[in-house]
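First the structure, in the form of structure tokens, and then the observations on it.
Worth saying up front: this structure is predicted, and the values here are computed from it rather than measured.
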Amino acid sequence: NICLNLGSTALFISDNGWLIKEYNANQEIQKIVLGENLAGIIYNNKIEIICLTLLPALESLYLWSGYTKFLKLLQSGH
């Protein structure tokens with residue numbers, strides 16, 4: 001996959017040239033790190049993780065689910 005950083009917009013493009021996702025940020029994007037199905041959007045003051053394979057409505061649920069699992073792991077002391 002390829003990512004184009006256009007300042008406050010990121011375009012994620014598949015290897016065959018199809019647009020996978022357009023991501024619009026509220027502030028200037030400093031850097032983008034691509035993984036298999038995830039991308040890390042790096043700003044001056046925070047990092048956002050977005051899923052490149054799910055529909056936007058499911059993306060929030062998916063990330064919230066991962067976040068709550070992470071919190072449970074922290075609370076259990078692992």
Side-chain angles (χ1 to χ4, degrees):
N1 292 340
I2 301 166
C3 180
L4 297 174
N5 181 353
L6 303 175
S8 62
T9 299
L11 300 177
F12 298 94
I13 302 167
S14 70
D15 292 333
N16 59 7
W18 288 94
L19 180 65
I20 298 170
K21 180 175 242 169
E22 179 177 342
Y23 180 80
N24 294 302
N26 293 329
Q27 59 182 315
E28 177 113 12
I29 299 169
Q30 297 300 310
K31 186 175 179 181
I32 300 170
V33 180
L34 280 176
E36 183 75 22
N37 295 316
L38 296 173
I41 309 292
I42 302 170
Y43 304 98
N44 281 337
N45 60 344
K46 67 179 179 176
I47 298 173
E48 291 182 348
I49 307 295
I50 61 168
C51 182
L52 300 177
T53 58
L54 297 175
L55 297 172
L58 294 176
E59 182 179 337
S60 297
L61 181 61
Y62 173 78
L63 292 175
W64 177 253
S65 162
Y67 179 71
T68 54
K69 288 177 187 173
F70 175 70
L71 287 178
K72 286 179 185 175
L73 264 175
L74 284 177
Q75 291 170 350
S76 69
H78 287 77

Could you tell me the separation between the [atom1] atom of [X] and the [atom2] atom of [Y], rounded to the nearest 0.5 Å?
{"X": "Cys3", "Y": "Leu34", "atom1": "SG", "atom2": "CG", "result": "5.5 Å"}
{"X": "Glu22", "Y": "Ile13", "atom1": "CD", "atom2": "CD1", "result": "10.0 Å"}
{"X": "Asn1", "Y": "Asn16", "atom1": "CG", "atom2": "CG", "result": "9.0 Å"}

Identify every side-chain donor-acceptor pair in residues 5-12 under 3.5 Å, counting partners at least two apart or on other chains, and give the distances.
{"unit_1": "Asn5", "atom_1": "OD1", "unit_2": "Gly7", "atom_2": "N", "d": "3.0"}
{"unit_1": "Asn5", "atom_1": "ND2", "unit_2": "Ile29", "atom_2": "O", "d": "3.3"}
{"unit_1": "Thr9", "atom_1": "OG1", "unit_2": "Asn24", "atom_2": "OD1", "d": "2.9"}

Do any side-chain atoms of residues 38-51 form donor-acceptor pairs under 3.5 angstrom with protein atoms, and if so which ones, sequence neighbours left out?
{"unit_1": "Tyr43", "atom_1": "OH", "unit_2": "Glu48", "atom_2": "OE1", "d": "3.2"}
{"unit_1": "Asn45", "atom_1": "OD1", "unit_2": "Gln27", "atom_2": "NE2", "d": "3.4"}
{"unit_1": "Lys46", "atom_1": "NZ", "unit_2": "Glu48", "atom_2": "OE2", "d": "3.2"}
{"unit_1": "Glu48", "atom_1": "OE1", "unit_2": "Tyr23", "atom_2": "OH", "d": "2.0"}

By the salt bridge (Lys or Arg N to Asp or Glu O under 4.0 Å) test, which pairs, at least two apart or in different chains, include something from residues 8-20?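 Those involving residues 8-20 do not exist here.
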
- Query: Same hydrophobic cluster for Leu52 and Trp18, using side-chain heavy-atom links shorter than 4.5 Å among ILVMFWY?
  - Reply: no

